[in-house]
Amino acid sequence: MTYLRRLTSGPKGENAGLFLILAVLILGFSIASPRFLTGANLGSMGFQMPLLGLLTLAMLAPILSGGLNLAIVYTANICGLTLAWTIMHFGGADAGIFAFVLGCVAAVIVGALAGAMMGAVIAYVGAHPILVSLAMMIFLRGLGEFLTRGRDISGFPDYMRVLGHGSLMAVPIPLILFGLVAFAWHILLRRTPHGFSTYMTGSNMQAAQYAGLNAKRTLVLIYALSGVLCAIAGILMAARFNSVRVGHGEAMLLITVLACFLGGIDPFGGHGRVVPVILALIILQVLSSGLNLIGANQHLATAVWGLFLIAVMVLRSDQSRQLILLFSRKDT
Amino acid sequence: MTTAPADQFALRLHKVSKAFGGVQALNQVDFEVRAGEVHCLAGENGCGKSTLIKVVTGVHQPEKAELIELFGEAVGQISPVLARQLGVSVIWQDLALFPHMTVAENIAFDDMVGLRPRSVKYREMITRSGDVLARLGVQMDLSAPLNDLPIAQRQVVAIARALMNDAKLIFMDEPTASLTQSETDRLLDIVRKLSADGVAIVFVSHRLAEVLDIAERVTVVRDGNLVGVYPTEGMTQARLGELMTGHLIENAVVARDLPDAPVVFEAEGLARHGEFSDVSLKIRAGEVLGLTGLIGAGRTELAHVMMGMRSADSGHMLLNGAAYAPSHIRSAIKQGMAYVSEDRLSLGLLQKQSIADNTVISVLHKLTTATGLISYTRKADLVRHWIRELGVKIGAPEDAISTLSGGNQQKVVLAKWLATEPKLLILDSPTVGVDVGARAGIFRIVRALADEGLAILLISDEVTEVMFHSDRILHMADGRIVQEYDPRTITVPQLEERIYA
Amino acid sequence: MRNILRSYTIETRLAVVLALICIALSVTAPQFATLPNLSSLMNQSAVNLIWAVGLLVVLIAGGIDISFAVASSVVQYLAAKLLMSVGGGNWVLGFLFCGSLGILLGLLNAWLIHGFRIISIVVTIATFNAFFGLLMFFSGGRNIYNLPDWWTARIFIFEHQNDQGVWSELNLSVGVMVVCVIATWVLIRRTNIGRQLYAFGDNPEGARRAGVNIAVMQGVAFGWMGLMAGIAGLMQVNIFQEVVPNALYGRELDVLAAVVLGGARLGGGKGTILGCVLGVMFVAVTQNGLNLLGVSPFAFQMIIGAVILVAISTSNMDLSQIMRRKEARS
């Protein structure tokens with residue numbers, strides 16, 4: 001019973017609770033479907049998760065800073081377009097690796113710029129992040145549609161397939177990419193002064209400034225970095241689908257927010273870690289792959305994700321915590 | 001126990017008890033307020049004052065109560081709405097007003113409460129709230145949104161709201177905590193006026209001077225127990241402090257002369273339009289310079305200019321003899337300035353974050369290793385060092401700062417700034433919301449720091465505070481420094497008279 | 001006058017800008033200020049406005065709702081199934097079914113928010129996914145064309161044929177929208193319940209201590225939003241004559257942007273019906289104008305996004321502050 005109590009309190013308990021849920025789910029699905037614990041299924045999960053994962057990390061940092069970035073998916077789309085055009089400019093499917101690298105650099109710059117612009121409006125004008133990023137989202141969506149007339153851009157060089165579909169020692173390359181980015185993100189947030197400043201700004205911007213932190217620069221930087229992650233997601237998206245279209249991945253926007261909350265991020269900012277969010281992502285992926293294997297479609301998985309978030313939030317709420325305490329007291 | 005007839009009491013409580021978890025917040029407390037009297041409820045933070053108010057207004061239900069009697073009638077159970085109907089109102093410390101509503105809407109809000117749908121009559125609302133303000137002798141723009149008003153006027157709005165309910169018993173929870181002396185005086189005038197009209201007022205405050213000034217009787221509570229009920233006539237601040245804390249608080253002038261100490265900070269002809277002008281001052285190493293004065297005197301504004309948060313229009317500053325013109329607070333901190341803000345709750349500390357994080361927030365550069373990453377061992381060492389140095393009572397460094405008492409929180413603020421190794425420490429009203437007992441602890445630290453050679457500017461509008469803890473006192477009025485006093489050659493009443501004249 | 005300017009700054013500014021745009025469009029696009037164009041503009045905005053006033057109530061009470069657009073879809077789908085099962089029904093049953101289903105979905109949000117003290121954005125993002133996922137799963141994504149006749153019948157509350165033989169018509173949804181707007185205005189402005197909603201959004205703890213029933217306030221706010229979502233769902237089917245499960249998906253954020261543009265404060269306690277209507281109409285008129293000016297439809301969203309970005313970047317600047325500073329300097 002003390003274990004139950006630990007589950008419901010503190011960041012360590014948070015992780016343990018998520019691990020427990022994950023273990024139960026994996027056990028359940030492997031009983032329900034013999035194909036669940038096969039290399040093929042694990043591999044396909046490893047290819048599917050990184051995209052949502054990267055976007056979730058891009059959402060995570062702004063939430064920690066007390067905001068929200070609703071423009072992540074369209075930022076990723078615009079960055080993908082930047083890469084696509086660069087490649088088209090250098091001959092499409094025949095473009096050399098230089099064109100790809102140049103395109104990636106351009107994409108990252110575009111993402112950083114879009115993010116920095118949002119950050120600047122939020123920090124220096126003091127407008128509400130939801131509103132700013134919402135306007136940015138509408139703008140980028142419109143920009144993308146205007147530039148592409150709603151059409152796909154496809155026909156990339158073959159080597160891009162490696163990025164989207166290749167494996168290194170049986171580990172999907174997108175997963176490796178995600179792992180590296182997640183590690184960097186963890187270090188950035190937990191170990192650098194900039195990350196520290198992000199947490200402090202997220203819990204009280206004015207007090208952070210009074211303590212001598214450059215909160216405004218922190219905000220600009222964190223949104224810019226969020227934009228950079230969107231760019232990486234956009235590049236990966238192009239490599240996975242072998243095409244770029246504005247609106248690709250649109251449905252992932254609110255799922256990323258869901259994953260962050262599931263991972264115990266404080267919706268008001270100031271508290272939250274990368275590791276539980278990754279656990280939350282794995283749980284979501286297991287739910288969707290598992291349901292898929294036992295014959296349900298992605299829509300049911302979406303519904304289950306929503307219901308699952310409600311269940312977890314209900315369990316975490318003070319009301320149910322008191323209930324658990326009540327029961328555990330009876331036992332002792 | 002007084003033996004006046006029952007109908008002359010606004011409130012009688014006998015043997016009221018209330019516990020939270022295992023903590024006995026109130027232990028068989030008796031409390032009586034006569035009709036039309038100004039009664040003071042005194043005690044340290046967490047002594048049970050707030051719980052007592054919440055029991056009377058029905059926010060909390062007592063576990064046991066021998067008698068709860070309002071205006072001569074015994075009442076069984078009280079709810080907030082019933083208490084209001086009977087004529088009991090509370091003006092909470094945070095006022096509990098609505099910042100985006102207009103003055104009139106705030107004053108008349110309690111009429112709106114309830115689920116029986118009824119229409120809102122704005123015209124009637126405005127006339128009625130205008131009448132109430134007129135009764136208080138105050139004029140105010142009724143259609144202005146509340147957050148356009150200064151805090152002192154919001155206080156008046158809260159009082160008007162209480163009167164709107166025909167309150168005959170008003171509790172005021174720390175009404176003067178964020179007011180300066182002149183604003184407080186105006187508030188006390190209103191309180192006297194209400195009392196003359198037959199409204200009983202229970203005044204909760206730990207500013208002892210005020211308590212003795214306004215109240216006829218004072219009830220002292222300590223650790224949930226009733227200490228006693230005393231007439232204020234013949235009561236001294238020292239005696240009352242002793243009753244509240246249970247031990248004697250000694251105040252003595254500690255001023256010293258430091259003619260040989262080097263000048264750390266110097267300002268000449270500093271001015272900022274509409275805030276202050278021609279401010280010149282010198283602070284020596286090891287000196288505590290007191291700065292006091294009334295509202296609008298420009299004290300906090302001056303501190304903000306010294307910290308680079310606003311820029312001066314003219315004049316110049318020197319720090320350790322070198323020209324000093326910070327462009328923002330970060331450069332001021334880098335050059336050795338530290339500023340303990342008057343608003344600890346929202347500016348001084350990050351309430352959601354841990355004690356450790358609040359301690360190291362201003363010295364991140366000291367924690368990073370060659371790789372640019374924060375070293376957790378260095379962080380832990382630094383936190384441990386300062387917690388021990390200042391004697392902060394904490395559970396674990398990872399606990400949220402909001403779990404600490406006001407006094408311990410203020411010590412963490414001091415730790416944060418001392419970690420930056422400042423040359424000049426500005427303390428802006430450092431004892432707001434700190435217990436009488438804990439204040440002594442804060443000032444012991446201040447004195448020790450001064451002895452080590454730190455220059456300190458102590459800004460306070462409590463005359464006793466600057467009197468007993470500074471080496472020199474500057475009196476600021478209307479944005480100018482009008483006079484310098486030596487605490488050894490002036491008494492508290494003399495100083496008060498000069499300032500409030 | 002000064003008072004009006006002060007208490008409605010955002011509304012006044014928006015009204016001025018909207019008026020300028022309208023004048024400019026009347027001059028540059030002769031079609032703009034014609035009855036046929038304006039009536040079709042109203043027809044197109046009706047559903048958005050119904051949602052917007054519902055969302056306004058939630059924002060005033062300090063919440064946010066992401067789930068309302070998909071809630072409308074759920075209501076449409078369930079109402080269509082239910083009505084067919086009772087033999088088709090009529091308008092009264094339609095309003096009753098859609099309204100009460102909407103209220104139920106709203107109360108579900110309110111219960112989760114209040115009962116477990118979870119903040120509204122988390123709850124409504126969860127219910128957004130749950131509603132949409134379940135709807136798509138059970139409907140299989142298939143449209144319903146087979147609807148009762150009364151529901152898909154074109155009902156005009158205003159018809160006019162001009163000299164060139166062009167019809168201008170306002171359909172039923174505009175009338176319903178006007179009723180919803182007025183009802184919401186009465187609720188938030190003219191009743192004590194509305195004042196308590198503002199108070200609760202402005203200072204929840206203060207409202208609680210004053211004796212405001214918090215649970216009921218959450219219920220009223222999200223219930224009203226649900227009612228509006230139900231009615232919007234009903235009217236949307238009347239306009240498009242079919243139930244498409246994913247037709248409304250994604251509309252929520254655009255409505256949110258328009259309402260906040262109209263001065264409703266994210267965080268509660270502030271917002272007016274006038275501002276809300278102006279915000280929605282601002283977006284609608286801009287889009288309509290760009291269309292008439294022959295701008296590529298692909299550019300609409302881009303321009304609207306940019307306009308909102310500029311609007312929020314300037315709306316937070318307090319002009320009176322700048323003036324005061326100038327005075328001080330001189």
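Throughout, protein chains are lettered first and strands after them, A, B, ... in sequence-line order, and every chain is numbered starting at 1.
Separating the CD1 atom in A/Ile138 from the CD1 atom in C/Ile308 is a distance of 4.5 Å, to the nearest 0.5 Å. Separation of atoms CD1 (C/Ile121) and CD1 (A/Ile63) is listed at 7.5 Å; rounding is to 0.5 Å. Between the NE2 atom in A/His299 and the CG atom in C/Leu134 there is a gap of 11.5 Å [rounded to 0.5 Å]. Within the model, atoms OG1 of A/Thr302 and CZ of C/Phe137 stand 11.5 Å from one another, a figure rounded to the nearest 0.5 Å. Considering CG of A/Leu254 and CG of C/Leu253, their distance stands at 6.0 Å, rounded to 0.5 Å. From C/Ile118, atom CD1 reaches atom CG of A/Leu309 across 8.0 Å, with rounding to the nearest 0.5 Å.
Heavy-atom pairs under 4.5 Å with chain C peak, among A/Phe308, A/Trp305, A/Phe139, at A/Phe139. Ranked by heavy-atom pairs under 4.5 Å with chain A, the first of C/Leu261, C/Asp254, C/Ile66, C/Ile303 is C/Asp254. Counting heavy-atom pairs under 4.5 Å between each of C/Gly305, C/Gly250, C/Gly267 and chain A puts C/Gly305 at the top. When each of A/Leu253, A/Leu70, A/Ile255, A/Ile310 is scored by its heavy-atom pairs under 4.5 Å with chain C, the top score falls to A/Ile310. Put simply, of A/Arg149, A/Glu145, A/Arg141, the one with the most heavy-atom pairs under 4.5 Å next to chain C is A/Arg149. Among A/Ala301, A/Ala251, A/Gly142, the residue with the largest count of heavy-atom pairs under 4.5 Å with chain C is A/Gly142.
No part of A/Met118 comes within reach of chain C, as not one of its non-hydrogen atoms sits under 4.5 angstrom from that chain. At a 4.5 Å heavy-atom cutoff, the contact between C/Leu112 and chain A is made by side-chain atoms alone. In this structure, no portion of C/Leu135 lies under 4.5 Å from any heavy atom of chain A. With a 4.5 Å cut-off on non-hydrogen atoms, A/Val121 touches chain C through its side chain but not through its backbone. Heavy atoms closer than 4.5 Å to chain C are found in both the backbone and the side chain of A/Leu131. Contacts of A/Leu140 with chain C are absent, with no heavy-atom separation under 4.5 Å from either backbone or side chain. Contact annotation for C/Tyr249: only side-chain heavy atoms (C-beta onward) come within less than 4.5 Å of a heavy atom of chain A. Only the side chain of C/Phe128 comes within less than 4.5 Å of a heavy atom of chain A; its backbone N, CA, C and O stay farther away. When heavy atoms are compared at a cutoff of 4.5 Å, A/Phe268 approaches chain C solely by way of its side chain, counted from C-beta outward.
Within 6.0 Å of CH2 in A/Trp85 there are more than 12 heavy atoms belonging to other residues, nucleotides or ligands. The local environment of CZ in A/Arg217 is sparse, with at most 12 non-hydrogen atoms from other residues, nucleotides or ligands closer than 6.0 Å.
Proximity of C/Ile64 to A/Ile130: side-chain heavy atoms (C-beta onward) are separated by under 4.5 Å at one or more points.
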Can you check side-chain contact (heavy atoms from CB on, under 4.5 Å) on C/Leu309 and A/Met136, steps first, answer last? CA-CA 7 Å; C/Leu309 263 180; A/Met136 188 55 121; 4.0 Å; yes
